[in-house]
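Scroll down for the structure; my scribbles are underneath it.
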Amino acid sequence: MPSKAPTAPKTARPPSRARHRFFASEADFRRWTAELPYIAEPIILHISSHGTREGILCGGKTIDGKTISECLKDIGDLRLLHFGTCLIAGGDIPRQIHQALGSDARFPISGYANSADWGGSAVIDFTYLDLIFSHNLSPIEAARQTRDMLTFARDRGNPGDAIARLIW
């Protein structure tokens, strides 16, 4: 009698389709985010760019917390705002966004508090988002597990680590 071949484990499907947009200026960012209220599915917004504690660096200028808040005010079912950018989570931007949006800000904000190694941050972002999309974890649980699994995503690195610690 032939043996039964093992089947691959079932994984959850992402809650929505992925959309990818580029922006090179504040005007591009505003135009791109103006599309978001028309998306029917829940939204997980991942902004990958350069950043500072003052905001997103783009086109030689900074898109500040006030502008980001204006762009998100009518977004709809935003489940997570993740900044794949250096330093934003280490500044006042998350608080500014939640304060400006008031009761409409029912979503977590995640991102990097320190400067981020591009390769290390890519690994962290892919792990974090995979845990949310494919394993249906909440952003809080996904962040906890990402930090447990990836040593360079923790508060403290080890001396001599090739990838400096990336607190987020």
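Sequential numbering from 1 along the given sequence is applied to the chain's residues. Everything numeric here is computed off the predicted structure, so don't read it as measured data.
Each of Leu57 and Phe29 belongs to its own hydrophobic cluster when Ile, Leu, Val, Met, Phe, Trp and Tyr are linked at side-chain heavy-atom distances under 4.5 angstrom. Cluster membership check: Leu137 does not share its hydrophobic cluster with Phe126, using side-chain heavy-atom separations under 4.5 Å among Ile, Leu, Val, Met, Phe, Trp and Tyr. Both Phe23 and Ile75 belong to a common hydrophobic cluster when Ile, Leu, Val, Met, Phe, Trp and Tyr are linked at side-chain heavy-atom distances under 4.5 angstrom. Following chains of ILVMFWY side-chain contacts shorter than 4.5 Å, one can reach Leu101 starting from Leu81, so the two form part of one hydrophobic cluster. No path of Ile, Leu, Val, Met, Phe, Trp and Tyr side chains, each step under 4.5 Å between heavy atoms, connects Leu87 with Tyr128, placing them in separate hydrophobic clusters.
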Phe83 vs His46, test: ring pair (Phe, Tyr, Trp, His ring centres under 6.0 Å). Steps then yes/no. CA-CA 6 Å; Phe83 288 103; His46 176 240; 9.5 Å; no
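Put simply, the side chain of Thr67 never gets that close to the backbone of Glu26: no donor and acceptor are under 3.5 Å apart. A donor-acceptor contact shorter than 3.5 Å is absent between the side chain of Thr62 and the backbone of Asp64. Of the possible donor and acceptor atoms, one in the side chain of Arg53 sits under 3.5 Å from a partner among the backbone N and O of Ala113.
For the residue pair Asp125 and Tyr112, a side-chain donor N or O sits within less than 3.5 Å of a side-chain acceptor on the partner. Thr127 and Asp130 form no side-chain donor-acceptor contact under 3.5 Å, judged by distance and modelled atom types alone.
Here the closest heavy-atom approach between residue Ser110 and residue Leu80 is recorded as OG-CD1, 3.8 Å. Here the closest non-hydrogen pair linking Cys58 and Ser25 is SG-N, 3.1 Å.
The pair Asp28-Arg30 fails the salt-bridge criterion, with no side-chain N (NZ, NE, NH1 or NH2) lying under 4.0 Å from an Asp/Glu carboxylate O.
When side chains are defined from C-beta on, Leu45 counts as touching Leu72, because their heavy atoms get closer than 4.5 Å.
Between His20 and Phe22, the two ring planes are perpendicular [angle over 60°; tilted spans 30° to 60°].
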